[in-house]
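A short worksheet on the structure shown next.
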Amino acid sequence: IRNLSLSADGSRIAYTVRSLTSDIWSVPLSPASGESAGEAVPLFQDRSRRKTNPVISPDGKKIAFGVWRTGVPGSVWLMDADGKNPVQLTTASATGSQAGWLSNDEVTYVIYHDGKATLSATHLKTGVERSLLPLRPDMEFPRLSPDGKQLVYNSGETGTTNVWKVALDDGQPRQLTSDPELMGWASWSPDGSRLAIEVKRGDDTHIAVMSSDGGTVTQLTFERGQSWPHSWSPDGEKIAFAAFRNGVWNVWWVSVKDGTQKQLTNFDKLNVYVRYPAWSPLGNQIAFEYAEMTANIWMMELK
């Protein structure tokens with residue numbers, strides 16, 4: 001319920017009721033070209049919860065994703081890459097939605113307990129859970145490297161959001177960017193040598209790429225609007241991102257080599273957004289969050 005307004009005589013209240021439908025969708029791709037091979041379709045639909053942050057297993061067979069519902073702690077779920085056999089993985093009292101994969105058999109996620117966050121993992125065959133790294137309060141949106149040895153994350157420790165990195169074996173953080181506006185939301189290339197990052201310039205955001213050890217940042221997109229990177233093609237040549245262009249959100253990719261861009265979905269509703277496009281290691285699909293916001297005005301008589 002939003003935007004309550006009391007009538008002049010105090011007898012009625014008008015208000016807005018908003019509803020968010022959020023699901024995991026997938027767009028099929030040609031593995032050879034990376035271009036769309038058909039229309040995007042929903043994989044997992046459920047109006048009671050938000051489904052977000054999908055990530056595909058190294059063998060391309062499973063998708064881990066976060067589930068949120070108002071008043072209920074977050075959880076991590078699994079399903080087949082075609083949307084079949086969804087199952088809840090975590091039942092902790094406060095689990096984050098930022099899932100990842102250490103291998104085809106081990107899923108990572110963030111657990112919150114007594115105000116502290118820990119990167120943890122569960123082995124799918126044995127059910128054994130283990131802690132990987134305690135996370136400081138400033139470690140936001142952590143992403144695990146392909147070899148499972150390092151994290152990149154957002155931190156505003158220096159006053160603006162920038163990219164930092166930490167090795168799991170020593171826990172010593174290192175700042176990779178020092179931008180006065182914003183550089184963050186890094187995603188690893190398949191070989192771990194590069195990072196795709198989001199760069200803020202004025203009201204717009206853009207896709208850029210840099211070495212995972214820091215150094216020169218190369219901007220790839222320059223269009224007005226929002227460009228939010230999230231994953232790479234299996235060959236490391238393209239970066240998938242959610243883009244807000246001409247008033248609508250869609251999934252795109254940009255070539256690291258020459259900056260060529262390709263739109264992969266064709267959504268045209270103004271009340272729809274897409275987030276977190278995850279490119280399958282098989283190259284045959286990109287899974288992403290699709291959400292639609294609806295609202296109506298209600299009125300209630302007061303006694």
Side-chain angles (χ1 to χ4, degrees), residues 22-26 43-44 46 49-69 72-113 116-135 139-154 166-169 171 185-192 230-232 234 240 275-289:
S22 164
D23 300 303
I24 303 298
W25 283 50
S26 173
L43 295 180
F44 184 58
D46 179 333
R49 291 161 289 192
R50 180 185 178 186
K51 280 73 64 185
T52 186
N53 259 311
V55 57
I56 304 177
S57 61
D59 62 7
K61 295 181 179 181
K62 295 283 186 180
I63 299 176
F65 58 98
V67 172
W68 293 95
R69 179 166 42 186
V72 178
S75 59
V76 174
W77 285 56
L78 297 175
M79 65 180 173
D80 296 340
D82 60 2
K84 296 179 180 178
N85 302 311
V87 61
Q88 185 173 345
L89 175 64
T90 65
T91 57
S93 59
T95 303
S97 65
Q98 296 166 13
W101 294 87
L102 278 175
S103 69
N104 292 320
D105 297 321
E106 197 166 22
V107 178
T108 65
Y109 43 85
V110 178
I111 287 182
Y112 299 92
H113 183 69
K116 297 180 180 179
T118 303
L119 180 69
S120 300
T122 289
H123 197 282
L124 301 182
K125 293 182 177 179
T126 65
V128 174
E129 182 180 78
R130 62 190 179 108
S131 297
L132 301 177
L133 182 73
L135 304 178
M139 291 182 172
E140 299 179 345
F141 202 75
R143 300 289 299 273
L144 191 64
S145 62
D147 63 8
K149 296 180 179 180
Q150 301 180 92
L151 277 182
V152 287
Y153 59 94
N154 290 354
V166 61
L168 269 63
D169 59 0
W185 286 272
S187 58
W188 297 87
S189 63
D191 65 1
H230 192 65
S231 65
W232 295 63
R275 297 285 189 273
Y276 311 118
W279 208 313
S280 170
L282 300 180
N284 63 345
Q285 70 177 125
I286 288 179
F288 58 95
E289 177 188 357

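Side chains are part of it too, since the values below use all heavy atoms of this structure and drop only hydrogens, waters and symmetry mates.
A donor-acceptor pair is defined here as one N or O able to donate and one able to accept, closer than 3.5 Å; no such pair exists between the side chain of Glu129 and the backbone of Ser131. With hydrogens and angles disregarded, no donor-acceptor distance shorter than 3.5 Å links the side chain of Trp101 to the backbone of Pro58. Put simply, the side chain of Asp59 never gets that close to the backbone of Asn104: no donor and acceptor are under 3.5 Å apart.
In this structure, the side chain to side chain contact (heavy atoms under 4.5 Å, CB included) partners of Glu140, at least two apart in sequence or on a different chain, are Asn154. For Leu282, the side chain to side chain contact (heavy atoms under 4.5 Å, CB included) test picks out Ser280, Asn284, with sequence neighbours left out. Considering only residues two or more places apart in sequence or on other chains, Pro134 meets the side chain to side chain contact (heavy atoms under 4.5 Å, CB included) condition with none of them. Here Ser231 pairs with Ala240, Trp279 under the side chain to side chain contact (heavy atoms under 4.5 Å, CB included) rule; sequence neighbours left out. Take Trp232 and apply the ring pair (Phe, Tyr, Trp, His ring centres under 6.0 Å) test, not counting sequence neighbours, and it matches no residue.
Between Ser120 and Ile111, the shortest heavy-atom distance links the atoms OG-CD1, 4.1 Å. Nearest heavy atom pair, residue Tyr109 against residue Ala121, reads OH-C, 4.0 Å. The shortest non-hydrogen separation linking Ile286 to Pro277 is CG2-CB, 3.6 Å. Closest non-hydrogen pair, Thr52 versus Tyr276, comes out as OG1-CE1, 3.1 Å. A pairwise comparison of heavy atoms in Leu133 and Leu168 identifies CD1-O, 4.1 Å as the closest pair. When all heavy atoms are compared, the tightest approach of Pro54 to Phe65 is CA-CB, 3.9 Å.
Under the 4.5 Å side-chain criterion, counting only non-hydrogen atoms from C-beta, Ile24 is not in contact with Phe288. In this structure, Leu151 and Leu135 have side chains that are in contact, with non-hydrogen atoms separated by less than 4.5 Å. Between His123 and Asp105, the closest side-chain pair of non-hydrogen atoms falls below 4.5 Å. A 4.5 Å side-chain heavy-atom check between Leu124 and Leu89 finds at least one atom pair inside the cut-off. Ile56 is listed as a side-chain neighbour of Pro281, based on a closest heavy-atom distance under 4.5 Å. The closest side-chain heavy-atom distance from Phe141 to Asn53 is below 4.5 Å.
Separating the CG atom in Asp169 from the CG atom in Leu132 is a distance of 12.0 Å, to the nearest 0.5 Å. From Glu106, atom CD reaches atom OG1 of Thr126 across 7.5 Å, with rounding to the nearest 0.5 Å. Atom-to-atom distance recorded for Leu119:CG and Arg130:CZ is 9.5 Å, nearest 0.5 angstrom. The distance from atom OH of Tyr153 to atom CE of Met139, rounded to the nearest 0.5 Å, is 4.0 Å.
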Return a table of donor-acceptor pairs under 3.5 angstrom between the side chains of residues 76-86 and protein atoms on other chains or two or more places apart.
{"unit_1": "Trp77", "atom_1": "NE1", "unit_2": "Ser75", "atom_2": "OG", "d": "3.1"}
{"unit_1": "Asp80", "atom_1": "OD1", "unit_2": "Lys62", "atom_2": "NZ", "d": "2.8"}
{"unit_1": "Asp80", "atom_1": "OD2", "unit_2": "Asn85", "atom_2": "ND2", "d": "2.6"}
{"unit_1": "Asp82", "atom_1": "OD1", "unit_2": "Lys84", "atom_2": "N", "d": "3.1"}

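Between Glu289 and the options His230, Arg275, Arg50, a side-chain hydrogen bond (donor to acceptor under 3.5 Å, both in side chains) holds for only Arg50.
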ask   = Does the side-chain contact (heavy atoms from CB on, under 4.5 Å) test come out yes or no for Gln285 and Leu43, once each step is laid out?
value = CA-CA 12 Å; Gln285 70 177 125; Leu43 295 180; 4.3 Å; yes
